Amino acid sequence: MKSVIVFSLAVVSCCALPSKQDRKFPDDFIFGTATASYQIEGGWNADGKGENIWDYMTHNTPEVIKDQSNGDIAADSYTNYKRDVEMMRELGLDAYRFSLSWSRILPNGFSNQISEAGIAFYNNYINEMLKYNITPMITLYHWDLPQRLSELGGFTNPLFTDWFEDYARVAYEEFGDRVKHWITFNEPREICYEGYGSTTKAPRANVTDIATYICAKNLVIAHAKAYYAYVNDFKDSQGGECGITISVNWFGPLTDSEEDEAAAEIKRQAEWGLYAEPIYSQQGGFPKEFSELVAKKSDEQGYPRSRMPEFTEEEKSYVNGAYDFFGVNHYTSYLISATEYLDDSTAPSLYSDAGVGSYTPPEWPLSASSWLRLAPNSIYNALTHLKEKYGDIKFYITENGWSETSGGDDYNRIKYQRAALESVLDSIDAGVNLRGYMFWSLMDNFEWMEGYTERFGLYSVDFEDPARTRTPNKSAFVYKQIIKTRVIDHDYEPDSTTMTIDQGR
Ligand code: PNW
């Protein structure tokens with residue numbers, strides 16, 4: 001009897017398919033978290049920091065922020081940076097992605113005057129991470145443009161490309177001996193479309209017909225200038241890498257009709273192809289079908305030329321290939337239709353140029369953010385598409401995360417993250433060269449127009465408390481377990497509410 005049991009167990013274990021639970025992340029896969037300067041630092045005018053467009057907008061028109069709040073103090077990482085690094089150690093992070101505040105380093109926007117206090121703050125932050133083997137990954141620009149440069153037109157001024165290169169060079173020079181991962185811009189779509197083509201981010205220029213496209217062209221050229229500055233003058237001696245982070249949500253067809261597939265492709269070109277094509281596709285320049293569409297609509301609308309500028313051949317080849325990796329911020333999916341859910345109320349605009357409808361099934365669980373739902377296979381769909389389009393390039397997921405209202409439990413954040421990480425493993429199994437995953441966010445922070453009403457943190461921050469005390473949520477314990485074991489255990493339940501630092505961290 002006994003031998004029969006042993007035999008049948010052996011059969012089961014030898015021949016069962018490996019369950020999803022057994023899949024492991026590669027040993028060298030980098031787990032991290034992400035934040036951004038304006039959202040966490042505070043110290044908005046500390047030690048000579050210059051004003052930026054978020055300081056200016058929140059101080060002068062507080063009513064545009066849902067709770068009339070601002071980032072004057074935020075999570076006060078300017079004074080709490082050691083606690084931030086302690087949290088990274090508690091989680092066992094391999095890496096931490098954060099951004100530099102341009103006007104903290106260059107108070108008037110230009111590199112003739114460098115703030116020693118600004119440099120010292122980032123040196124302290126970086127050195128504290130390195131002490132504990134946490135790899136810093138720096139975003140040069142996460143939306144906080146010096147106000148003076150904004151008054152000169154910001155991203156719509158062609159000289160912006162030089163201003164950005166000058167700033168990037170200061171950062172490489174000051175920090176590049178220790179920092180080996182550089183991201184030029186965070187999310188061009190949110191910078192250009194939301195900031196210049198609508199009112200959903202500072203500076204709320206709302207020049208709907210042309211500003212997104214002018215910004216897009218200057219932004220990718222500025223990216224390439226900063227990239228080549230690194231490659232030509234720093235890479236040999238410093239040995240790091242430089243790329244850009246683009247928000248790539250998934251846009252699939254609502255039905256399997258040819259019209260809906262074509263509509264989804266146009267939407268992908270309008271949402272992220274505008275910034276990715278010039279850099280990553282062999283062809284160079286703005287995406288073909290979408291730029292033809294904008295040219296046609298501009299003509300019908302009586303504009304003397306396309307509202308979308310062109311790249312010269314020289315510009316095309318300069319920008320093309322200007323990357324060491326592709327940083328992807330991925331949050332959710334949308335289903336796109338050629339005929340349903342159309343809304344042309346903003347014409348002429350990028351939104352109406354694409355001219356398609358967008359739908360999200362109500363059965364996809366909703367976060368505290370109106371745009372953020374848990375969609376099936378979302379990361380897999382996006383990354384395998386990018387690989388097919390742009391070839392075997394190196395990817396990082398530089399953001400992925402879930403919002404809750406303050407005070408609730410964060411069971412849905414755990415569910416969302418586990419689903420996202422299963423999708424990461426599916427992508428790796430499909431051959432995507434994905435090297436790391438940064439969760440948004442390490443802690444609660446200033447969520448732009450939503451102020452403090454939406455919380456993305458693994459750690460809760462008490463914004464009523466002058467000390468800005470940080471407390472781990474359940475999701476922090478779950479992420480820590482995943483990082484430690486390199487496996488997603490869907491049954492794991494944290495049994496403690498206090499964090500400790502594991503040995504060697
Ligand atoms: C990102 N969307 O923005 C930003 O990089 C973060 O600063 C921000 O706090 C975080 O996501 C959460 O919002 C996004 O509409 C803005 O899909 C909009 C979208 C995605 C990301």
Side-chain angles (χ1 to χ4, degrees), residues 32-41 52-54 65-66 69-71 74-75 77 97-101 137-145 183-195 197-202 212 219 244-252 267-268 270-272 274-275 327-336 350-351 354 358-360 364 366-375 378-379 381-382 396-405 413 416-417 420 437-458 461:
T33 59
T35 61
S37 47
Y38 186 74
Q39 295 180 274
I40 64 162
E41 284 178 5
N52 66 43
I53 56 176
W54 282 87
I65 307 295
K66 193 163 178 185
S69 66
N70 56 51
S77 287
R97 172 179 177 240
F98 64 106
S99 79
L100 305 180
S101 158
M137 188 180 251
I138 286 189
T139 311
L140 289 169
Y141 184 82
H142 198 129
W143 306 357
D144 42 1
L145 188 69
I183 294 165
T184 54
F185 291 103
N186 179 70
E187 297 190 346
R189 172 195 175 273
E190 281 64 25
I191 296 168
C192 294
Y193 175 62
E194 299 199 335
S198 71
T199 56
T200 40
K201 294 281 180 310
T212 309
L219 185 149
I244 185 169
T245 279
I246 300 177
S247 45
V248 182
N249 286 321
W250 179 241
F251 300 89
K267 188 70 171 172
R268 293 190 289 260
E271 289 283 315
W272 50 260
L274 203 54
Y275 320 98
V328 170
N329 284 359
H330 182 92
Y331 284 87
T332 194
S333 298
Y334 299 88
L335 300 179
I336 302 303
L350 172 136
Y351 190 88
S358 175
Y359 173 75
T360 46
W364 292 356
L366 182 64
S367 69
S369 311
S370 59
W371 53 274
L372 175 51
R373 287 176 186 273
L374 166 49
S378 206
I379 288 178
N381 287 336
Y396 293 97
I397 291 183
T398 42
E399 277 180 38
N400 174 252
W402 181 261
S403 62
E404 302 276 356
T405 51
R413 179 173 290 118
Y416 175 92
Q417 192 190 38
Y437 171 91
M438 312 289 135
F439 191 73
W440 184 272
S441 179
L442 175 62
M443 62 194 140
D444 291 342
N445 53 54
F446 178 77
E447 177 54 18
W448 307 113
M449 306 311 263
E450 312 304 325
Y452 299 100
T453 65
E454 296 176 10
R455 307 288 176 97
F456 278 85
L458 292 170
V461 175

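Note that ligands are numbered from 1 as they come in the structure, with each ligand's atoms numbered from 1 the same way. Values in this document were obtained by computation on a predicted structure and should not be read as measured data.
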Look at [atom] and say which protein heavy atom is nearest, naming residue and atom and giving the distance to 0.1 Å.
atom                    : answer
atom 11 (O) of ligand 1 : Tyr331 OH, 3.1 Å
atom 13 (O) of ligand 1 : Glu447 OE2, 2.6 Å
atom 3 (O) of ligand 1  : Glu187 OE1, 3.0 Å
atom 18 (C) of ligand 1 : Glu190 OE2, 3.6 Å

Practice item. Please identify which atoms of ligand 1 are closer than 4.0 Å to at least one heavy atom of Asn186. Key: 5 (O)
Review point. Quick one: which ligand 1 atoms are inside 4.0 Å of a heavy atom on Phe456?
Key: 12 (C), 13 (O)
Any nitrogen or oxygen of [X], main chain or side chain, under 3.5 Å from a nitrogen or oxygen of ligand 1?
X      : value
Glu194 : no
Thr332 : no
Asn249 : yes

Point to revise | Identified side-chain hydrogen bond (donor to acceptor under 3.5 Å, both in side chains) partner of Asn186 from the options Asn329, Thr139, Thr245, Thr398 | key: Asn329
So how far is it from [X] [atom1] to [Y] [atom2], rounded to the nearest 0.5 Å?
X      : Y      : atom1 : atom2 : answer
Thr33  : Met438 : OG1   : CE    : 8.5 Å
Ile397 : Phe439 : CD1   : CZ    : 12.0 Å
Asp444 : Arg455 : CG    : CZ    : 5.0 Å
Leu140 : Ile244 : CG    : CD1   : 10.5 Å
Phe98  : Thr35  : CZ    : OG1   : 8.0 Å
Gln39  : Tyr452 : CD    : OH    : 9.5 Å

Check your understanding: Does His142 come within less than 4.0 angstrom of ligand 1, counting non-hydrogen atoms of the residue?
Key ->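 His142 counts as a contact of ligand 1 under the 4.0 Å cut-off.
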Practice item. Measure from atom 6 (C) of ligand 1 to every heavy atom in Lys201, Met449, Glu399 and give the option owning the shortest one. Key: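 Going through Lys201, Met449, Glu399 one by one, Glu399 has the nearest heavy atom to atom 6 (C) of ligand 1.
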Exercise for review: Could you pull out, from Tyr193, Trp371, Tyr38, Trp440, the option with a heavy atom nearest to atom 20 (C) of ligand 1?
Suggested key: Trp371
Exercise for review: Using the salt bridge (charged side-chain N to carboxylate O under 4.0 Å, His left out) rule, take Glu447 and Lys66 through it: C-alpha gap first, then chi angles, then the decisive distance, then the call.
Suggested key: CA-CA 10 Å; Glu447 177 54 18; Lys66 193 163 178 185; over 6 Å; no
